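Since the structure comes first, as C-alpha coordinates, the remarks are kept for the end.
As the structure is a computational prediction, the values presented were derived from the model and not from experiment.
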Amino acid sequence: MRVEAGEWVSIIGANGAGKTTTIKTIMGLVTARRGKILFNGRDITNLPPWERVELGISYVPEGRRIFPELTVEENLRLGAFRLTNRDPRLKEGFERVYQLFPRLAERRRQLGRTLSGGEQQMLALGRALMPGPRLLLIDEISMGLMPLAVNQAFHSLWELNRQGMTILLVEQNARKAIGYATRGYVLETGRLVLAGTAAELAENPRVREAYLGG
Amino acid sequence: MILQQLVNGLIIGSVYALIALGLTMIYGVLRILHVAHAGIYALGAYAGLVAYGLSQSFLLALLAAMVVAGAAGFGIQRYIYRPLFGTSPLVPLIASIGLFIFMEDLYRLVFGPNIIPLNAVWPSFALEWRGVKVTETQLVILLVTGLLLAFVWFFTEKTRLGLAWKAVAQDLEIAQAMGVNANLAVASNVVLGSVLAAAAGLLVAANYNEVYPTMGSVPAYKMLAIVVLGGLGNPVGTVLAGLLIGLVETLVVAYLGYKLPRDAIAFLALILVLMLKPQGLFARKGGG
(Lines give C-alpha, C1' and ligand atoms only; values in the text may rest on other atoms or scores of the structure.)
Protein backbone atom coordinates (compact mmCIF):
# COMPACT_ATOMS: atom_id res chain seq x y z
CA MET A 1 0.00 0.00 0.00
CA ARG A 2 1.29 3.45 -0.88
CA VAL A 3 0.22 6.99 -0.11
CA GLU A 4 1.91 9.79 -2.06
CA ALA A 5 2.29 13.32 -0.72
CA GLY A 6 -0.82 15.39 -1.36
CA GLU A 7 -3.03 12.40 -2.07
CA TRP A 8 -6.25 11.39 -0.42
CA VAL A 9 -6.32 7.62 -0.16
CA SER A 10 -9.40 5.84 1.19
CA ILE A 11 -9.53 2.28 2.44
CA ILE A 12 -12.96 0.74 2.38
CA GLY A 13 -14.12 -2.59 3.70
CA ALA A 14 -16.71 -4.24 5.87
CA ASN A 15 -16.67 -4.38 9.65
CA GLY A 16 -13.81 -6.55 10.84
CA ALA A 17 -11.90 -6.31 7.55
CA GLY A 18 -8.88 -4.86 9.38
CA LYS A 19 -9.29 -1.18 8.56
CA THR A 20 -8.76 0.09 12.09
CA THR A 21 -5.86 -2.31 12.62
CA THR A 22 -4.22 -0.96 9.47
CA ILE A 23 -4.45 2.62 10.70
CA LYS A 24 -3.31 1.73 14.22
CA THR A 25 -0.33 -0.16 12.86
CA ILE A 26 0.75 2.88 10.86
CA MET A 27 0.34 5.03 14.00
CA GLY A 28 2.31 2.49 16.04
CA LEU A 29 -0.49 1.53 18.42
CA VAL A 30 -0.48 -2.03 17.11
CA THR A 31 2.75 -3.88 16.40
CA ALA A 32 3.23 -5.06 12.84
CA ARG A 33 3.66 -8.82 12.70
CA ARG A 34 5.24 -8.75 9.25
CA GLY A 35 6.30 -6.22 6.69
CA LYS A 36 7.64 -2.71 6.91
CA ILE A 37 6.24 0.78 7.23
CA LEU A 38 8.21 3.50 5.45
CA PHE A 39 7.54 7.20 5.96
CA ASN A 40 9.41 9.58 3.65
CA GLY A 41 11.74 6.68 2.92
CA ARG A 42 12.49 6.07 6.59
CA ASP A 43 11.69 2.73 8.22
CA ILE A 44 9.36 3.50 11.15
CA THR A 45 8.15 -0.04 11.78
CA ASN A 46 9.70 -0.17 15.23
CA LEU A 47 9.24 3.43 16.35
CA PRO A 48 6.91 4.10 19.32
CA PRO A 49 3.82 6.17 18.45
CA TRP A 50 5.09 9.33 20.13
CA GLU A 51 8.12 9.40 17.83
CA ARG A 52 5.94 8.89 14.77
CA VAL A 53 3.98 11.99 15.79
CA GLU A 54 7.20 13.93 15.72
CA LEU A 55 7.86 12.85 12.12
CA GLY A 56 4.52 14.36 11.09
CA ILE A 57 1.92 11.61 11.39
CA SER A 58 -1.35 12.60 13.07
CA TYR A 59 -4.30 10.47 14.04
CA VAL A 60 -8.04 11.01 14.25
CA PRO A 61 -9.30 7.90 16.04
CA GLU A 62 -12.52 6.00 15.57
CA GLY A 63 -15.20 7.32 17.90
CA ARG A 64 -13.25 10.61 18.26
CA ARG A 65 -11.73 9.65 21.63
CA ILE A 66 -11.27 13.21 22.82
CA PHE A 67 -10.19 13.55 26.46
CA PRO A 68 -13.55 13.97 28.19
CA GLU A 69 -12.28 15.55 31.43
CA LEU A 70 -9.97 18.04 29.74
CA THR A 71 -11.00 21.36 28.26
CA VAL A 72 -11.10 21.98 24.53
CA GLU A 73 -7.92 24.00 24.85
CA GLU A 74 -6.15 21.25 26.81
CA ASN A 75 -7.23 18.68 24.23
CA LEU A 76 -5.71 20.82 21.50
CA ARG A 77 -2.57 21.40 23.58
CA LEU A 78 -2.16 17.63 23.77
CA GLY A 79 -2.41 17.36 20.02
CA ALA A 80 0.81 19.35 19.86
CA PHE A 81 2.26 17.70 22.94
CA ARG A 82 5.72 17.38 21.43
CA LEU A 83 6.03 21.17 21.17
CA THR A 84 7.23 23.02 24.26
CA ASN A 85 5.16 25.88 25.69
CA ARG A 86 7.48 28.46 24.17
CA ASP A 87 7.52 27.01 20.67
CA PRO A 88 6.02 29.56 18.21
CA ARG A 89 4.50 26.67 16.25
CA LEU A 90 2.19 26.05 19.20
CA LYS A 91 0.56 29.46 18.85
CA GLU A 92 0.33 28.98 15.10
CA GLY A 93 -1.38 25.65 15.69
CA PHE A 94 -4.03 27.20 17.93
CA GLU A 95 -4.61 30.01 15.43
CA ARG A 96 -4.90 27.58 12.52
CA VAL A 97 -7.38 25.32 14.31
CA TYR A 98 -9.50 28.14 15.75
CA GLN A 99 -9.68 29.71 12.31
CA LEU A 100 -10.78 26.43 10.77
CA PHE A 101 -13.28 25.73 13.57
CA PRO A 102 -14.40 29.00 15.21
CA ARG A 103 -16.82 26.94 17.27
CA LEU A 104 -13.90 25.40 19.15
CA ALA A 105 -12.58 28.86 19.99
CA GLU A 106 -15.95 29.72 21.53
CA ARG A 107 -15.89 26.56 23.62
CA ARG A 108 -12.23 26.81 24.56
CA ARG A 109 -12.82 26.46 28.31
CA GLN A 110 -15.48 23.76 28.16
CA LEU A 111 -14.77 20.17 29.06
CA GLY A 112 -14.56 17.80 26.13
CA ARG A 113 -17.45 15.67 27.31
CA THR A 114 -19.84 18.62 27.19
CA LEU A 115 -19.47 19.06 23.42
CA SER A 116 -21.95 17.72 20.86
CA GLY A 117 -20.92 14.85 18.59
CA GLY A 118 -20.17 17.16 15.69
CA GLU A 119 -18.13 19.48 17.91
CA GLN A 120 -16.22 16.53 19.31
CA GLN A 121 -15.37 15.49 15.77
CA MET A 122 -14.10 19.00 15.07
CA LEU A 123 -12.03 18.76 18.23
CA ALA A 124 -10.60 15.36 17.25
CA LEU A 125 -9.66 16.73 13.84
CA GLY A 126 -8.36 20.02 15.24
CA ARG A 127 -6.28 18.15 17.78
CA ALA A 128 -4.69 16.12 14.99
CA LEU A 129 -3.95 19.31 13.04
CA MET A 130 -2.28 21.11 15.96
CA PRO A 131 1.29 19.96 15.29
CA GLY A 132 1.09 20.77 11.56
CA PRO A 133 1.24 17.15 10.36
CA ARG A 134 2.29 15.88 6.94
CA LEU A 135 -0.02 12.87 6.99
CA LEU A 136 -3.46 12.60 8.56
CA LEU A 137 -4.67 9.13 9.50
CA ILE A 138 -8.43 9.13 9.88
CA ASP A 139 -10.50 6.28 11.24
CA GLU A 140 -14.27 6.28 10.60
CA ILE A 141 -14.89 10.00 10.66
CA SER A 142 -18.61 9.49 10.00
CA MET A 143 -19.25 7.10 12.88
CA GLY A 144 -22.02 8.18 15.21
CA LEU A 145 -22.54 11.55 13.54
CA MET A 146 -25.70 13.02 12.12
CA PRO A 147 -25.71 13.33 8.30
CA LEU A 148 -25.16 17.09 8.43
CA ALA A 149 -22.10 16.68 10.67
CA VAL A 150 -20.79 13.93 8.38
CA ASN A 151 -21.01 16.29 5.43
CA GLN A 152 -19.24 19.02 7.38
CA ALA A 153 -16.46 16.65 8.43
CA PHE A 154 -15.87 15.48 4.87
CA HIS A 155 -15.98 19.03 3.64
CA SER A 156 -13.28 20.05 6.16
CA LEU A 157 -11.10 17.18 4.98
CA TRP A 158 -11.66 18.08 1.35
CA GLU A 159 -10.60 21.63 2.10
CA LEU A 160 -7.47 20.44 3.93
CA ASN A 161 -6.58 18.06 1.10
CA ARG A 162 -7.03 20.84 -1.44
CA GLN A 163 -4.49 22.88 0.53
CA GLY A 164 -2.02 20.02 0.22
CA MET A 165 -2.64 17.79 3.25
CA THR A 166 -2.04 14.10 2.66
CA ILE A 167 -4.91 11.97 3.94
CA LEU A 168 -5.31 8.27 4.58
CA LEU A 169 -8.87 7.52 5.55
CA VAL A 170 -10.61 4.29 6.47
CA GLU A 171 -14.34 4.40 6.34
CA GLN A 172 -17.46 2.29 6.19
CA ASN A 173 -19.32 4.99 4.32
CA ALA A 174 -17.77 3.86 1.01
CA ARG A 175 -19.70 6.28 -1.15
CA LYS A 176 -18.26 9.32 0.58
CA ALA A 177 -14.85 7.78 1.12
CA ILE A 178 -14.41 7.05 -2.59
CA GLY A 179 -16.20 10.16 -3.73
CA TYR A 180 -13.58 12.46 -2.23
CA ALA A 181 -10.49 10.30 -2.67
CA THR A 182 -7.72 10.34 -5.25
CA ARG A 183 -7.20 6.61 -4.92
CA GLY A 184 -8.58 3.78 -2.87
CA TYR A 185 -8.04 0.26 -1.59
CA VAL A 186 -10.54 -2.42 -0.71
CA LEU A 187 -9.78 -4.52 2.34
CA GLU A 188 -11.42 -7.88 2.99
CA THR A 189 -10.63 -9.99 6.07
CA GLY A 190 -7.22 -8.45 6.47
CA ARG A 191 -6.19 -8.58 2.80
CA LEU A 192 -6.00 -5.90 0.13
CA VAL A 193 -8.20 -7.27 -2.61
CA LEU A 194 -8.49 -4.27 -4.90
CA ALA A 195 -6.67 -1.06 -5.61
CA GLY A 196 -7.30 1.74 -8.03
CA THR A 197 -8.10 5.36 -8.63
CA ALA A 198 -11.32 6.60 -7.14
CA ALA A 199 -12.98 6.53 -10.56
CA GLU A 200 -11.87 2.97 -11.24
CA LEU A 201 -13.20 1.77 -7.90
CA ALA A 202 -16.48 3.59 -8.37
CA GLU A 203 -16.92 1.81 -11.71
CA ASN A 204 -15.83 -1.60 -10.47
CA PRO A 205 -18.87 -3.93 -10.44
CA ARG A 206 -17.70 -5.75 -7.34
CA VAL A 207 -17.24 -2.54 -5.39
CA ARG A 208 -20.54 -1.22 -6.64
CA GLU A 209 -22.37 -4.27 -5.49
CA ALA A 210 -20.67 -4.83 -2.14
CA TYR A 211 -20.02 -1.29 -0.95
CA LEU A 212 -21.93 1.27 -2.95
CA GLY A 213 -25.27 -0.46 -2.76
CA GLY A 214 -25.64 -1.61 -6.41
CA MET B 1 -9.91 21.67 73.68
CA ILE B 2 -11.91 21.07 70.52
CA LEU B 3 -9.55 23.41 68.67
CA GLN B 4 -6.58 21.37 69.84
CA GLN B 5 -8.22 18.18 68.58
CA LEU B 6 -8.99 19.80 65.24
CA VAL B 7 -5.37 20.80 64.86
CA ASN B 8 -4.14 17.33 65.79
CA GLY B 9 -6.64 15.73 63.45
CA LEU B 10 -5.73 17.91 60.50
CA ILE B 11 -2.04 17.23 61.02
CA ILE B 12 -2.38 13.46 61.06
CA GLY B 13 -4.89 13.80 58.21
CA SER B 14 -2.35 15.67 56.11
CA VAL B 15 -0.01 12.69 56.40
CA TYR B 16 -2.83 10.37 55.31
CA ALA B 17 -3.49 12.72 52.42
CA LEU B 18 0.14 12.54 51.37
CA ILE B 19 0.36 8.77 51.23
CA ALA B 20 -3.09 8.33 49.68
CA LEU B 21 -2.42 11.02 47.08
CA GLY B 22 0.56 9.04 45.80
CA LEU B 23 -1.56 5.92 45.59
CA THR B 24 -4.39 7.61 43.74
CA MET B 25 -1.99 9.25 41.26
CA ILE B 26 -0.43 5.89 40.49
CA TYR B 27 -3.84 4.25 40.17
CA GLY B 28 -4.82 7.04 37.79
CA VAL B 29 -2.14 6.31 35.21
CA LEU B 30 -1.49 2.61 35.76
CA ARG B 31 -4.97 1.39 36.79
CA ILE B 32 -3.19 -0.82 39.30
CA LEU B 33 -4.05 -0.83 43.00
CA HIS B 34 -0.45 -0.39 44.10
CA VAL B 35 -0.58 -2.08 47.51
CA ALA B 36 3.23 -2.11 47.70
CA HIS B 37 2.94 1.68 48.06
CA ALA B 38 2.77 0.98 51.82
CA GLY B 39 6.07 -0.88 51.50
CA ILE B 40 7.55 2.24 49.93
CA TYR B 41 6.18 4.20 52.90
CA ALA B 42 8.11 1.97 55.31
CA LEU B 43 11.13 2.12 53.02
CA GLY B 44 11.06 5.89 53.36
CA ALA B 45 11.12 5.55 57.14
CA TYR B 46 14.06 3.13 57.07
CA ALA B 47 16.04 5.13 54.53
CA GLY B 48 15.40 8.24 56.61
CA LEU B 49 16.43 6.40 59.77
CA VAL B 50 19.76 5.37 58.28
CA ALA B 51 20.41 8.80 56.76
CA TYR B 52 19.45 10.55 60.00
CA GLY B 53 21.82 8.30 61.93
CA LEU B 54 24.63 9.24 59.59
CA SER B 55 23.96 12.93 59.18
CA GLN B 56 21.86 13.99 62.22
CA SER B 57 20.01 16.22 59.77
CA PHE B 58 16.28 15.69 59.28
CA LEU B 59 16.34 17.55 55.98
CA LEU B 60 19.03 15.23 54.61
CA ALA B 61 17.13 12.24 55.98
CA LEU B 62 14.00 13.41 54.21
CA LEU B 63 15.86 13.90 50.94
CA ALA B 64 17.50 10.48 51.24
CA ALA B 65 14.14 8.83 51.95
CA MET B 66 12.60 10.48 48.89
CA VAL B 67 15.50 9.57 46.60
CA VAL B 68 15.60 5.93 47.71
CA ALA B 69 11.83 5.58 47.46
CA GLY B 70 11.73 7.30 44.07
CA ALA B 71 14.31 4.85 42.76
CA ALA B 72 12.40 1.90 44.22
CA GLY B 73 9.16 3.18 42.67
CA PHE B 74 10.88 3.50 39.32
CA GLY B 75 12.18 -0.06 39.56
CA ILE B 76 8.77 -1.45 40.52
CA GLN B 77 6.93 0.12 37.60
CA ARG B 78 9.73 -0.70 35.17
CA TYR B 79 10.48 -4.30 36.10
CA ILE B 80 7.24 -5.52 37.68
CA TYR B 81 4.27 -3.54 36.39
CA ARG B 82 5.38 -2.82 32.83
CA PRO B 83 5.99 -6.49 31.96
CA LEU B 84 2.53 -7.28 33.37
CA PHE B 85 0.85 -4.62 31.25
CA GLY B 86 -2.08 -6.02 29.31
CA THR B 87 -2.70 -8.91 31.70
CA SER B 88 -5.85 -9.20 33.79
CA PRO B 89 -5.94 -6.47 36.47
CA LEU B 90 -5.74 -9.18 39.13
CA VAL B 91 -2.22 -10.15 38.07
CA PRO B 92 -0.48 -6.85 38.92
CA LEU B 93 -2.62 -6.59 42.07
CA ILE B 94 -1.40 -9.97 43.29
CA ALA B 95 2.15 -9.06 42.28
CA SER B 96 1.80 -5.86 44.28
CA ILE B 97 0.54 -7.67 47.40
CA GLY B 98 3.36 -10.20 47.06
CA LEU B 99 5.88 -7.41 46.69
CA PHE B 100 4.54 -5.72 49.82
CA ILE B 101 4.95 -8.92 51.88
CA PHE B 102 8.43 -9.36 50.43
CA MET B 103 9.37 -5.80 51.41
CA GLU B 104 8.18 -6.22 54.99
CA ASP B 105 10.22 -9.39 55.37
CA LEU B 106 13.21 -7.74 53.77
CA TYR B 107 13.10 -4.95 56.36
CA ARG B 108 12.84 -7.59 59.09
CA LEU B 109 15.89 -9.38 57.73
CA VAL B 110 18.00 -6.27 57.36
CA PHE B 111 16.94 -4.20 60.37
CA GLY B 112 15.53 -6.85 62.73
CA PRO B 113 11.96 -7.22 63.94
CA ASN B 114 12.08 -4.64 66.73
CA ILE B 115 10.96 -1.07 66.89
CA ILE B 116 13.85 1.32 66.28
CA PRO B 117 13.44 4.87 67.59
CA LEU B 118 14.22 7.64 65.15
CA ASN B 119 15.12 10.09 67.94
CA ALA B 120 14.85 13.12 65.72
CA VAL B 121 15.93 16.22 67.62
CA TRP B 122 14.53 19.59 66.64
CA PRO B 123 15.46 23.04 67.76
CA SER B 124 12.54 24.00 69.99
CA PHE B 125 10.03 26.18 68.23
CA ALA B 126 6.72 24.80 69.47
CA LEU B 127 3.80 27.17 69.11
CA GLU B 128 1.17 27.86 71.66
CA TRP B 129 -1.81 30.09 71.17
CA ARG B 130 -4.71 30.27 73.63
CA GLY B 131 -3.98 26.82 74.94
CA VAL B 132 -3.70 25.22 71.51
CA LYS B 133 -0.29 23.65 71.25
CA VAL B 134 1.47 22.63 68.06
CA THR B 135 4.62 20.63 68.73
CA GLU B 136 7.84 20.86 66.76
CA THR B 137 7.17 17.55 65.05
CA GLN B 138 3.68 18.65 64.12
CA LEU B 139 5.02 21.87 62.63
CA VAL B 140 7.54 19.92 60.58
CA ILE B 141 4.76 17.62 59.37
CA LEU B 142 2.59 20.59 58.41
CA LEU B 143 5.42 22.29 56.60
CA VAL B 144 6.55 19.23 54.66
CA THR B 145 3.08 17.99 53.71
CA GLY B 146 2.00 21.51 52.78
CA LEU B 147 4.99 22.01 50.52
CA LEU B 148 4.64 18.61 48.89
CA LEU B 149 0.91 18.98 48.28
CA ALA B 150 1.51 22.42 46.76
CA PHE B 151 4.28 20.98 44.61
CA VAL B 152 2.06 18.18 43.30
CA TRP B 153 -0.74 20.62 42.59
CA PHE B 154 1.60 22.87 40.65
CA PHE B 155 3.03 19.93 38.75
CA THR B 156 -0.28 18.45 37.68
CA GLU B 157 -2.03 21.73 36.89
CA LYS B 158 0.72 23.85 35.41
CA THR B 159 3.20 21.66 33.59
CA ARG B 160 3.24 19.70 30.36
CA LEU B 161 4.08 16.52 32.24
CA GLY B 162 1.03 17.02 34.47
CA LEU B 163 -1.15 17.34 31.38
CA ALA B 164 0.41 14.15 30.05
CA TRP B 165 -0.53 12.35 33.29
CA LYS B 166 -4.13 13.43 32.96
CA ALA B 167 -4.22 12.38 29.33
CA VAL B 168 -2.70 8.98 30.10
CA ALA B 169 -5.19 8.50 32.94
CA GLN B 170 -8.10 9.22 30.61
CA ASP B 171 -6.95 7.38 27.49
CA LEU B 172 -3.51 5.81 27.38
CA GLU B 173 -3.65 4.81 23.72
CA ILE B 174 -4.73 8.19 22.42
CA ALA B 175 -2.26 9.99 24.68
CA GLN B 176 0.52 8.06 22.99
CA ALA B 177 -0.86 8.84 19.56
CA MET B 178 -0.75 12.56 20.52
CA GLY B 179 2.97 12.31 21.19
CA VAL B 180 3.02 11.54 24.91
CA ASN B 181 5.89 9.23 25.78
CA ALA B 182 3.84 6.78 27.85
CA ASN B 183 6.85 5.14 29.47
CA LEU B 184 8.14 8.47 30.69
CA ALA B 185 4.73 9.68 31.86
CA VAL B 186 4.08 6.51 33.86
CA ALA B 187 7.58 6.35 35.32
CA SER B 188 7.62 9.99 36.45
CA ASN B 189 4.18 9.61 37.98
CA VAL B 190 5.13 6.53 40.01
CA VAL B 191 8.38 8.18 41.10
CA LEU B 192 6.57 11.26 42.40
CA GLY B 193 3.90 9.11 44.10
CA SER B 194 6.62 7.08 45.80
CA VAL B 195 8.40 10.22 46.95
CA LEU B 196 5.18 11.31 48.69
CA ALA B 197 4.82 7.91 50.41
CA ALA B 198 8.41 8.04 51.62
CA ALA B 199 7.95 11.51 53.07
CA ALA B 200 4.78 10.34 54.82
CA GLY B 201 6.63 7.31 56.22
CA LEU B 202 9.44 9.37 57.64
CA LEU B 203 7.09 11.98 59.09
CA VAL B 204 5.06 9.31 60.86
CA ALA B 205 8.29 7.72 62.11
CA ALA B 206 9.27 11.08 63.54
CA ASN B 207 5.85 11.65 65.05
CA TYR B 208 5.67 8.34 66.95
CA ASN B 209 9.45 7.97 67.20
CA GLU B 210 9.36 4.44 65.87
CA VAL B 211 10.38 2.54 62.76
CA TYR B 212 9.49 -1.14 62.37
CA PRO B 213 9.07 -3.66 59.55
CA THR B 214 5.27 -3.81 59.52
CA MET B 215 4.69 -0.09 60.04
CA GLY B 216 3.12 -0.02 56.56
CA SER B 217 0.45 -2.64 57.30
CA VAL B 218 -2.23 -0.45 58.81
CA PRO B 219 -1.54 2.46 56.42
CA ALA B 220 -1.81 -0.04 53.54
CA TYR B 221 -5.45 -0.71 54.34
CA LYS B 222 -6.19 2.80 55.47
CA MET B 223 -4.84 4.39 52.30
CA LEU B 224 -7.04 2.10 50.21
CA ALA B 225 -10.05 3.19 52.23
CA ILE B 226 -9.12 6.86 51.81
CA VAL B 227 -8.53 6.52 48.07
CA VAL B 228 -11.93 4.89 47.60
CA LEU B 229 -13.58 7.54 49.78
CA GLY B 230 -12.00 10.23 47.66
CA GLY B 231 -13.16 8.62 44.42
CA LEU B 232 -10.45 6.39 42.90
CA GLY B 233 -8.01 8.39 40.82
CA ASN B 234 -9.36 11.75 42.04
CA PRO B 235 -6.45 13.65 43.66
CA VAL B 236 -8.43 16.50 45.22
CA GLY B 237 -11.03 14.12 46.63
CA THR B 238 -8.28 11.95 48.04
CA VAL B 239 -6.58 14.81 49.86
CA LEU B 240 -9.93 15.89 51.32
CA ALA B 241 -10.77 12.31 52.34
CA GLY B 242 -7.35 11.97 54.01
CA LEU B 243 -7.88 15.14 56.03
CA LEU B 244 -11.41 14.06 56.90
CA ILE B 245 -10.37 10.64 58.15
CA GLY B 246 -7.58 12.17 60.23
CA LEU B 247 -10.05 14.59 61.80
CA VAL B 248 -12.76 12.05 62.48
CA GLU B 249 -10.32 9.57 64.00
CA THR B 250 -8.86 12.15 66.32
CA LEU B 251 -12.23 13.49 67.41
CA VAL B 252 -13.68 10.03 68.02
CA VAL B 253 -10.70 9.02 70.12
CA ALA B 254 -10.79 12.30 72.03
CA TYR B 255 -14.48 12.24 72.84
CA LEU B 256 -15.46 8.57 72.82
CA GLY B 257 -12.16 7.13 73.97
CA TYR B 258 -10.95 3.82 72.66
CA LYS B 259 -14.32 2.08 72.69
CA LEU B 260 -13.92 2.06 68.93
CA PRO B 261 -10.37 1.24 67.80
CA ARG B 262 -8.91 4.24 66.01
CA ASP B 263 -7.86 2.28 62.96
CA ALA B 264 -11.35 0.88 62.46
CA ILE B 265 -12.85 4.30 61.76
CA ALA B 266 -11.53 4.60 58.23
CA PHE B 267 -13.09 1.25 57.39
CA LEU B 268 -16.37 2.08 59.01
CA ALA B 269 -16.42 5.20 56.84
CA LEU B 270 -15.47 3.08 53.84
CA ILE B 271 -18.33 0.63 54.42
CA LEU B 272 -20.82 3.47 54.87
CA VAL B 273 -19.66 5.26 51.75
CA LEU B 274 -19.65 2.09 49.67
CA MET B 275 -23.23 1.46 50.74
CA LEU B 276 -24.51 4.99 50.28
CA LYS B 277 -22.31 6.63 47.65
CA PRO B 278 -20.11 4.02 45.98
CA GLN B 279 -18.56 6.45 43.51
CA GLY B 280 -16.78 8.15 46.43
CA LEU B 281 -17.54 11.17 48.58
CA PHE B 282 -16.16 13.68 46.12
CA ALA B 283 -17.10 12.18 42.77
CA ARG B 284 -18.07 14.74 40.19
CA LYS B 285 -21.51 14.55 38.66
CA GLY B 286 -21.40 12.45 35.52
CA GLY B 287 -17.63 12.10 35.76
CA GLY B 288 -16.09 8.73 34.96
Side-chain angles (χ1 to χ4, degrees), chain A residues 20 23-31 47-71 73-87 90 93 111-114 123-124 126-133 136-139, chain B residues 24-25 27-31 77-78 82-87 153-189 230-238 279-280 282-288:
Chain A
T20 293
I23 288 275
K24 283 193 173 178
T25 310
I26 300 171
M27 192 65 237
L29 301 171
V30 172
T31 315
L47 281 190
W50 51 87
E51 286 179 28
R52 300 187 195 202
V53 175
E54 197 136 31
L55 296 177
I57 305 180
S58 263
Y59 175 52
V60 181
E62 181 177 2
R64 306 179 281 278
R65 303 269 289 271
I66 55 154
F67 297 101
E69 302 295 330
L70 296 181
T71 63
E73 196 164 74
E74 287 171 320
N75 266 282
L76 293 175
R77 177 66 187 90
L78 269 160
F81 184 77
R82 305 298 288 181
L83 303 181
T84 60
N85 286 331
R86 287 198 202 91
D87 198 310
L90 184 63
L111 290 184
R113 65 180 156 85
T114 66
L123 182 54
R127 185 175 68 175
L129 292 172
M130 278 296 293
L136 265 186
L137 303 174
I138 300 171
D139 194 352
Chain B
T24 217
M25 282 169 55
Y27 178 83
V29 301
L30 274 177
R31 300 282 143 178
Q77 63 83 30
R78 176 66 188 84
R82 201 192 293 176
L84 296 178
F85 188 76
T87 59
W153 177 84
F154 174 81
F155 221 77
T156 44
E157 294 304 318
K158 300 289 170 197
T159 70
R160 239 172 106 222
L161 193 55
L163 188 61
W165 289 343
K166 289 188 198 169
V168 167
Q170 288 174 39
D171 195 329
L172 173 68
E173 189 180 58
I174 298 305
Q176 295 184 58
M178 295 301 128
V180 173
N181 181 334
N183 294 338
L184 192 70
V186 168
S188 55
N189 180 287
L232 262 178
N234 175 356
V236 177
T238 298
Q279 67 275 39
F282 305 100
R284 276 163 298 181
K285 274 176 290 176

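Contact between N181(B) and W50(A) at its shortest, heavy atoms only, is OD1-CZ2, 3.2 Å. When all heavy atoms of F81(A) and A164(B) are compared, the closest pair comes out as CZ-CB, 3.6 Å. The two residues M178(B) and F67(A) make their nearest non-hydrogen contact at CG-CE1, 4.3 Å. Heavy atoms only, all atoms of each residue included: Q176(B) and L29(A) are closest at CB-CD2, 4.3 Å.
Counting only distance, with no hydrogens or angles, the side chain of R65(A) and the backbone of D171(B) share no donor-acceptor pair below 3.5 Å.
Atom CG of residue L83(A) and atom CZ of residue R160(B) lie 7.5 Å apart, to the nearest 0.5 angstrom. Atoms CD and CG, on Q170(B) and N75(A) in that order, are 8.0 Å from each other to the nearest 0.5 Å.
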Counting only pairs under 3.5 Å, give me each side-chain donor-acceptor contact of residues 52-61 of chain A, with atom names and distances, residues two or more places apart or in other chains.
residue : atom : partner : partner atom : Å
R52(A)  : NE   : L47(A)  : O            : 2.9
R52(A)  : NH1  : T25(A)  : O            : 3.0
R52(A)  : NH1  : I26(A)  : O            : 2.9
R52(A)  : NH2  : I44(A)  : O            : 3.1
R52(A)  : NH2  : T45(A)  : O            : 3.0
R52(A)  : NH2  : L47(A)  : O            : 2.9
E54(A)  : OE1  : R82(A)  : NE           : 3.2
E54(A)  : OE1  : R82(A)  : NH2          : 3.0
S58(A)  : OG   : A128(A) : O            : 2.6

Discussion item. Could you walk me through whether I174(B) and R127(A) satisfy the side-chain contact (heavy atoms from CB on, under 4.5 Å) test, starting with their C-alpha distance in whole Å, then the side-chain angles of each, then the deciding distance to 0.1 Å, before giving a yes or no?
Written reply: CA-CA 11 Å; I174(B) 298 305; R127(A) 185 175 68 175; 3.5 Å; yes

Discussion item. Pair L70(A), L163(B) - check side-chain contact (heavy atoms from CB on, under 4.5 Å), show working.
Written reply: CA-CA 9 Å; L70(A) 296 181; L163(B) 188 61; 4.2 Å; yes

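Residues that satisfy the side chain to side chain contact (heavy atoms under 4.5 Å, CB included) test with T87(B), not counting sequence neighbours, are L84(B), V91(B), P92(B).
With a 4.5 angstrom heavy-atom cutoff, A169(B) does not touch chain A via any of its atoms. For a residue to count as touching a neighbouring chain, one of its non-hydrogen atoms must lie under 4.5 Å from one of that chain's; by this rule P68(A) touches chain B with backbone and side chain alike.
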